Amino acid sequence: MAYNDNIIRALHRCFEKDERDQFTNCALVFAYNGTGKTRLSYDFAHYGRAEGSPQHTLYYNAYTEDLFTWDNDLENNTERRLYINTDSSLIRGLAGYNFSDKLRNYLQTFVDIDFDFHYDEKNAEIPAYVVFSKKVKQRVKINGEWNEVEGEVENIKISRGEERLFVWCFFRCILDQVIGGNDAYKD
């Protein structure tokens, strides 16, 4: 952490001087790939924090993206799923909240894919995984004439960019809960 100490101290000084409410104490760190943003945000979140004390920093980085992992069903190539790490406190805070419609609205701003959450017996309040679909238009011959028919392709593998947008929109739903006062995120 020695490399990040000066940056972290400067950020903490900014937050200490600011007496606005808790939701205005934000920092956006932008830098090129490979410069250490993920390490910086992790170090910042744990800087000066006593063992076992509650988390006080909400951040989006590679750790957040790693809460989602693919099972591409390489054996059958039919059941592609993006698993959600339901053991994460960041994800568990959404338990009991219906955020599908809000997430869908956020996502459709960027891409034309759709999704369905799937739950397991272990926890029916938090989705265990998500599958994706996309509406497509196809030209088919009906009674000798070509017609455009709308259909849906299910269980698709989305691109890496679409996946990042989905995870960001999911995180945005978490931010809504934080700002809305969800007790699960009070720390």
Side-chain angles (χ1 to χ4, degrees), residues 23 26 28-30 33 37-38 41 55 57-186:
F23 300 116
C26 298
L28 174 64
V29 177
F30 175 82
N33 289 341
K37 298 179 300 291
T38 298
S41 62
Q55 181 75 10
T57 304
L58 180 64
Y59 54 87
Y60 179 90
N61 61 20
Y63 289 114
T64 310
E65 292 176 349
D66 289 347
L67 295 174
F68 299 81
T69 54
W70 276 103
D71 175 358
N72 291 314
D73 186 23
L74 297 176
E75 188 174 310
N76 300 312
N77 200 28
T78 57
E79 300 290 326
R80 295 166 199 90
R81 298 175 175 175
L82 184 62
Y83 281 94
I84 302 168
N85 184 341
T86 57
D87 292 329
S88 164
S89 60
L90 187 66
I91 303 296
R92 281 194 320 263
L94 291 172
Y97 292 93
N98 181 359
F99 59 97
S100 296
D101 291 339
K102 189 168 270 201
L103 174 57
R104 189 168 278 109
N105 287 337
Y106 289 150
L107 188 61
Q108 289 175 350
T109 301
F110 305 106
V111 293
D112 60 349
I113 59 174
D114 199 10
F115 63 89
D116 283 309
F117 283 131
H118 293 264
Y119 300 80
D120 61 20
E121 302 84 38
K122 184 176 112 177
N123 189 341
E125 291 191 317
I126 305 172
Y129 65 92
V130 61
V131 294
F132 295 94
S133 62
K134 181 175 179 132
K135 293 199 182 317
V136 294
K137 291 184 180 179
Q138 299 173 328
R139 289 181 45 90
V140 295
K141 205 171 205 179
I142 302 173
N143 298 329
E145 294 198 24
W146 287 101
N147 293 291
E148 202 168 81
V149 177
E150 190 169 291
E152 186 171 26
V153 180
E154 297 179 346
N155 235 326
I156 63 172
K157 167 72 171 171
I158 59 175
S159 72
R160 186 78 66 209
E162 290 168 327
E163 177 188 345
R164 296 295 189 263
L165 287 168
F166 175 81
V167 173
W168 170 250
C169 292
F170 195 101
F171 184 77
R172 176 97 188 264
C173 290
I174 292 170
L175 287 176
D176 290 342
Q177 292 298 313
V178 171
I179 292 168
N182 180 335
D183 282 343
Y185 299 111
K186 68 180 181 277

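Scope of the values below: all heavy atoms of this structure, side chains included, with no hydrogens, waters or symmetry mates. When a residue number appears, it is its place in the shown sequence, counting from 1. Values in this document were obtained by computation on a predicted structure and should not be read as measured data.
Annotation: side chain of Glu150 is not in contact with side chain of Val136 (no heavy-atom distance under 4.5 Å). At least one side-chain heavy atom of Val130 sits under 4.5 Å from a side-chain heavy atom of Phe132. In this structure, Phe117 and Leu103 have side chains that are in contact, with non-hydrogen atoms separated by less than 4.5 Å. Under the 4.5 Å side-chain criterion, counting only non-hydrogen atoms from C-beta, Phe110 is in contact with Cys169. Side-chain contact check for Leu90 versus Leu67: some heavy-atom pair is nearer than 4.5 Å. Side-chain contact between Glu79 and Asn155 is present, with at least one heavy-atom pair separated by less than 4.5 Å. Considering only heavy atoms from C-beta on, Gln138 stays 4.5 Å or farther from Glu148 through its side chain. By the 4.5 Å heavy-atom criterion applied to side chains, Thr69 and Asp71 are not counted as neighbours.
When every heavy atom of Tyr185 is checked against every heavy atom of Leu94, the shortest pair comes out as OH-N, 3.4 Å. The heavy-atom pair separating Thr64 from Val167 by the smallest distance is O-CG1, 4.3 Å. The heavy-atom pair separating Arg139 from Trp146 by the smallest distance is NH2-CB, 3.2 Å. Considering every non-hydrogen atom in both Arg92 and Ile126, the closest pair reads CA-CD1, 3.5 Å.
The aromatic rings of Tyr60 and Trp168 sit perpendicular to each other, their planes meeting at more than 60°, with 30° as the lower class boundary.
With values rounded to the nearest 0.5 angstrom, Arg104 atom CZ is found 4.5 Å from Asp114 atom CG. Within the model, atoms NZ of Lys135 and CD of Glu154 stand 9.0 Å from one another, a figure rounded to the nearest 0.5 Å. Gln177 CD to Tyr97 OH: the interatomic distance, rounded to the nearest 0.5 Å, is 5.5 Å. Atom NZ in Lys157 sits 8.0 Å away from atom CG in Leu82 (nearest 0.5 Å). Here the CH2 atom belonging to Trp70 is positioned 9.0 Å from the CZ atom belonging to Arg160, to the nearest 0.5 angstrom. Between atom CZ of residue Arg172 and atom OG1 of residue Thr109 there is a gap of 8.0 Å, rounded to the nearest 0.5 Å.
Crowding of Asn76 atom CG: a count of heavy atoms from other residues, nucleotides or ligands under 6.0 Å exceeding 12. Other residues, nucleotides and ligands contribute only 12 or fewer heavy atoms inside 6.0 Å of the NZ atom of Lys102.
Here the side chain of Asn182 pairs a donor or acceptor atom with the backbone of Gly93 at under 3.5 angstrom. Under the 3.5 Å distance criterion, the side-chain polar atoms of Ser88 are left unmatched by any main-chain donor or acceptor of Asn85. In this structure, the side chain of Glu162 engages the main chain of Ser159 through a donor-acceptor pair within 3.5 Å.
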Check your understanding: Which is it for Ile158 and Leu165 under the side chain to side chain contact (heavy atoms under 4.5 Å, CB included) test, yes or no, and what are the steps along the way?
Key -> CA-CA 10 Å; Ile158 59 175; Leu165 287 168; over 6 Å; no
Practice item. Please lay out, stage by stage, how His118 and Val131 fare under the test side chain to side chain contact (heavy atoms under 4.5 Å, CB included). Key: CA-CA 8 Å; His118 293 264; Val131 294; 3.3 Å; yes
Exercise for review: May I have the step-by-step check of side chain to side chain donor-acceptor pair (under 3.5 Å) for Glu152 and Ser133, ending in yes or no?
Suggested key: CA-CA 7 Å; Glu152 186 171 26; Ser133 62; 2.9 Å; yes
Practice item. Check step by step if side chain to side chain donor-acceptor pair (under 3.5 Å) holds for Asp73 and Thr78. Key: CA-CA 6 Å; Asp73 186 23; Thr78 57; 3.2 Å; yes
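No option in Phe170, Tyr106, Phe166 other than Phe166 meets the ring-ring contact (aromatic ring centres under 6.0 Å, His included) test with Phe115.
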